[in-house]
**Q** 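Just passing along the structure, written as structure tokens.
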Amino acid sequence: SHLLLTDPAPLAANHDDSTNESSLSTLLTLCDLLNRELLVLIGWAKQIPGFSGLSLVDQMSLLQSGWMEALLVGVAWRSQGTLGEELVFAGNLRLDEAQCRSAGLADLYEALRHLTIKYQMMRLSPEEAAALKAVALANSDVDPVDCPDSLQRFQDGLHEALLDYEASRREQHRAGRLLMSLPLLRQTAHRAVQTLLRLQHQHRIPLHKLLLEMLDAKA
Amino acid sequence: KEKHKILHQLLQNST
């Protein structure tokens with residue numbers, strides 16, 4: 001309940017009009033959205049029960065490691081309702097395969113569709129999406145961990161919430177199935193980060209400072 | 001963690 005209550009409202013894209021080149025404009029719009037999503041995610045993470053009980057060092061490590069996974073849960077969640085094969089980055093930023101391809105995001109499109117289809121088939125609920133986002137952060141396998149006991153408690157609390165929720169729906173296998181989707185989520189996030197790093201080098205897309213900082217931790 | 005000033009600040013802000 002707490003995760004749902006604090007789940008941030010979806011952001012809208014601010015369409016970039018600084019260039020006539022549509023693929024560049026798409027990338028700039030996407031990066032701006034990503035930066036704002038990241039800010040909101042950090043604010044949200046602080047409200048996840050147990051997060052503030054972690055040391056500041058661990059809070060930073062978890063976010064630096066798991067931010068893209070958490071954000072992609074949102075993209076996959078928003079995209080699962082679409083009839084077409086669009087990725088819904090925001091209500092007003094829906095990209096199909098051709099648009100992604102022309103923006104240099106073909107590999108990202110493919111990876112994100114794979115993830116989206118997986119969640120689409122499971123009919124992910126809002127509760128599950130919120131839980132997965134929190135679990136992705138908590139489970140980001142940072143090394144070294146400053147305070148392992150607090151991290152373990154944080155993870156256990158989220159796990160327990162997920163089990164309770166699925167038990168209330170009398171869905172015996174769903175919690176396990178969701179957790180089994182985490183490797184694909186990580187793989188997809190890795191692709192997304194690689195794509196961003198590549199775009200930054202190739203096109204010299206100006207990235208916001210926070211986004212650069214988070215990418216820097218991944219590079 | 002010196003390099004990650006913005007994240008550090010965001011986490012330390014209470015709101």
Side-chain angles (χ1 to χ4, degrees), chain A residues 6 8 31-32 34-48 50-71 134 137-138 140 142-147 150-151 154 193 197 206-219, chain B:
Chain A
T6 53
C31 287
D32 172 71
L34 195 57
N35 188 64
R36 284 183 294 124
E37 290 253 24
L38 193 48
L39 271 171
V40 170
L41 177 76
I42 294 167
W44 178 73
K46 290 158 71 172
Q47 302 186 61
I48 304 174
F51 188 84
S52 58
L54 302 171
S55 72
L56 187 58
V57 173
D58 284 343
Q59 293 182 18
M60 288 181 73
S61 307
L62 290 183
L63 277 162
Q64 284 170 339
S65 180
W67 62 279
M68 185 59 97
E69 287 182 49
L71 292 183
L137 274 186
S140 49
V142 295
D143 181 52
V145 177
D146 183 39
C147 185
S150 310
L151 179 57
F154 180 46
V193 166
L197 288 169
L207 296 178
H208 295 72
K209 278 184 184 164
L210 174 62
L211 195 50
L212 279 174
E213 229 185 65
M214 300 303 267
L215 278 175
D216 184 54
K218 292 272 195 187
Chain B
K1 301 286 173 191
E2 269 299 301
K3 298 196 292 185
H4 306 293
K5 278 191 293 194
I6 304 175
L7 178 61
H8 191 264
Q9 278 169 10
L10 287 170
L11 284 172
Q12 281 199 315
N13 288 346
S14 55
T15 49

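Chain letters run A, B, ... following the sequence lines, proteins first and then strands; every chain starts at 1.
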**Q** Name the region of A:A217, side chain, backbone, both or neither, that has any atom closer than 4.5 Å to a heavy atom of chain B.
**A**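 Contact with chain B involves both backbone and side-chain atoms of A:A217.
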
**Q** Drop me the distance from A:M60's CE to B:H4's NE2, to the nearest 0.5 angstrom.
**A** 6.5 Å

**Q** Does any heavy atom of chain B fall under 4.5 Å from the side chain of A:L210, the backbone, both, or neither of them?
**A**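 Both parts, heavy atoms under 4.5 Å.
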
**Q** Measuring from A:I42:CD1 to B:Q9:CD, what's the distance to the nearest 0.5 Å?
**A**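 One finds 11.5 Å between CD1 of A:I42 and CD of B:Q9.
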
**Q** Mark yes or no for whether A:E213, through its side chain, and B:L7, through its backbone, hold a donor-acceptor pair below 3.5 Å.
**A** yes

**Q** Given heavy-atom pairs under 4.5 angstrom as the criterion, report whether the side chain, backbone, both or neither of A:L39 touches chain B.
**A** side chain

**Q** Return the minimal non-hydrogen interatomic distance between B:L10 and A:K46, and the atom names on each side.
**A** O-NZ, 2.6 Å

**Q** Residues two or more places apart in sequence or in another chain: which of them pass side-chain contact (heavy atoms from CB on, under 4.5 Å) with A:S150?
**A** A:L54, A:C147, A:R153

**Q** A:D58: which residues meet the salt bridge (charged side-chain N to carboxylate O under 4.0 Å, His left out) condition with it, sequence neighbours left out?
**A**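 Partners of A:D58 by the salt bridge (charged side-chain N to carboxylate O under 4.0 Å, His left out) criterion come out as none, since no residue qualifies.
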
**Q** Take A:L63 and B:L11, measure what side chain to side chain contact (heavy atoms under 4.5 Å, CB included) needs, and give me the verdict at the end.
**A** CA-CA 10 Å; A:L63 277 162; B:L11 284 172; 3.7 Å; yes

